[in-house]
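Numbering of ligands and ligand atoms starts at 1, following listing order.
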Amino acid sequence: MPQNKQILLDNRPQGEATASNFKLVTGDTPALQDGQVLVRHHYLSLDPYMRGRMNDAKSYAQPQPLGQVMQGGTVGEVVESKSPKYKAGDKVVGMGGWQEYSVVSAEQPGALRKVDTTHVPISHYLGAVGMPGVTAWYGLVKIIDAKAGQTVAVSAATGAVGSAFGALAKARGLRVVGIAGGADKCNYAVKEIGFDACIDYREHKDAGSLSKALKEAAPDGISGYFENVGGMVMDAVMTRMNAFSRIALCGMIAGYDGKPVPMSFPQLLLTNRMRLEGFIVSEHMEVWPDALSELGQLVGSGKFRPRESVAQGIESAPEAFLGLLKGKNFGKQLVKLT
Ligand code: NDP
């Protein structure tokens with residue numbers, strides 16, 4: 001059996017996460033038991049939710065245990081199988097974690113899913129045609145539910161979730177305004193994904209200034225907002241929301257290192273009769289088949305070409321992850337392991 005490099009959570013962050021919270025180890029891969037398969041990971045997914053799991057705090061999911069392999073989504077190839085359900089060469093998506101190989105019990109429901117890489121490159125099953133894509137779909141379709149011609153907005157617009165949101169919203173005939181960090185990201189949002197407008201929030205020192213820019217980008221106001229960030233960006237968007245508008249509260253990355261994320265204008269929820277709803281995509285497995293089918297068609301047909309930031313080798317995972325929490329990624333953040 002092959003040697004396996006793994007990254008463990010060694011200790012919990014105090015404030016900002018740092019590379020010293022992680023530890024690289026090399027171990028033997030255990031021999032396969034009946035019903036198990038050995039998967040060689042091609043890509044590891046890095047996602048903002050991992051920051052929350054590093055804390056020992058009450059949340060919707062259990063904390064990442066200390067001294068164990070960091071949890072995370074992976075795509076790869078079955079290299080050995082003692083299960084009739086899988087054979088060597090099958091391409092699979094699973095939760096293999098921050099390591100080069102995983103031994104998976106094929107009988108465990110949802111542990112592995114075969115994927116077809118004929119029209120969709122395997123890495124996209126961790127991004128646009130995977131969990132982040134379904135997240136965008138859920139917020140857009142099930143919470144925002146805007147009518148064609150209405151304006152919707154999204155923060156972290158060029159990231160894994162935000163870019164899928166933009167592509168889905170355009171395909172459904174909506175006007176889409178993105179908010180992202182930097183001119184390059186905004187150019188990409190408009191020219192490559194098809195956003196109608198994109199605002200670089202770093203050019204605005206406060207919510208008032210960002211709100212003015214939003215008024216130009218969304219002259220009819222905003223009917224639905226997909227929130228990934230929180231803080232000043234959310235304050236500004238809230239001042240431009242229409243009566244009876246909806247906010248899909250997906251993430252608040254501005255507060256993941258433990259800083260408070262105050263909301264300056266909660267009274268607008270009342271005066272605009274708005275609906276704000278938080279959600280966790282893994283609690284809505286019933287929508288995944290429909291969502292993945294729509295996303296797979298968008299990507300497979302070439303209408304949406306998701307961008308990726310790819311770090312090389314398992315050793316690079318901690319730095320790439322810390323970069324994601326600071327906006328250094330441009331598109332879906334992955335680690336290539338082969
Ligand atoms: P992204 O690919 O969008 O990467 C994160 C982006 O967030 C960065 O590129 C950066 O974009 C922005 N960002 C990072 N730090 C900050 C900060 N301190 N303040 C403001 N912006 C920051 O990640 P994902 O697409 O994977 O995830 C987007 C959001 O969706 C996250 O909040 C995540 O937690 C949430 N999520 C929620 C799920 C759910 O079920 N509710 C499921 C999946 C994701 P920029 O440079 O443009 O600022």
Side-chain angles (χ1 to χ4, degrees), residues 15-17 44-55 59-61 72-73 123-124 126-128 130-140 142-143 153-168 177-189 193 195 198-204 207 210 225-237 247-261 276-285 287-288 291 306-311 320-334:
E16 264 191 31
L44 161 68
S45 175
L46 295 178
D47 297 88
Y49 75 80
M50 295 166 172
R51 175 63 190 85
R53 304 246 174 118
M54 291 171 76
N55 295 341
S59 186
Y60 62 90
S123 57
H124 291 329
L126 294 175
M131 184 277 285
V134 179
T135 303
W137 189 97
Y138 187 86
L140 178 69
K142 295 291 178 186
I143 298 179
V154 59
S155 52
T158 62
V161 175
S163 58
F165 179 91
L168 286 167
V177 176
I179 301 164
D184 283 354
K185 287 187 176 180
C186 276
N187 278 337
Y188 165 76
I193 311 177
F195 278 76
C198 182
I199 300 169
D200 173 6
Y201 69 89
R202 293 189 186 166
E203 283 187 357
H204 300 275
L210 184 54
Y225 177 44
F226 191 99
E227 177 59 294
N228 284 320
V229 168
M232 185 271 268
V233 171
M234 184 171 190
D235 286 345
V237 176
I247 299 179
L249 184 49
C250 171
M252 293 204 124
I253 199 166
Y256 288 2
D257 274 327
K259 287 192 218 100
V261 191
L276 181 152
E277 185 174 335
F279 71 99
I280 298 297
V281 70
S282 53
E283 294 175 346
H284 301 281
M285 296 312 291
V287 308
W288 283 55
R307 188 175 171 137
E308 300 172 331
S309 285
V310 184
F321 175 64
L322 300 173
L324 169 77
L325 298 175
K326 295 198 180 318
K328 288 189 185 156
N329 64 309
F330 193 155
K332 172 67 204 166
Q333 181 67 58
L334 298 166

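Partners of F321 according to the side chain to side chain contact (heavy atoms under 4.5 Å, CB included) rule, which considers only residues two or more places apart in sequence or in another chain, are F22, L46, M50, R51, M54, W98, L324, L325. Take L249 and apply the side chain to side chain contact (heavy atoms under 4.5 Å, CB included) test, not counting sequence neighbours, and it matches E227, M252, L276. A128 meets the side chain to side chain contact (heavy atoms under 4.5 Å, CB included) test with V299, F304, P306; sequence neighbours excluded.
Nearest heavy-atom pair across Y138 and V287 is CD1-CG2, 3.9 Å.
Closer than 4.0 angstrom to ligand 1 lie heavy atoms from P48, M131, T135, A156, G159, A160, V161, A180, G181, K185, Y201, R202, N228, V229, C250, G251, M252, I253, A254, Y256, F279, I280, V281, L324, L325, G327, N329, G331.
Screening I179, V161, L140, N228 for a side chain to side chain contact (heavy atoms under 4.5 Å, CB included) involving V154 leaves a single residue, N228.
Atoms CG and CG, from D200 and N187 in turn, are 10.0 Å apart once rounded to the nearest 0.5 Å.
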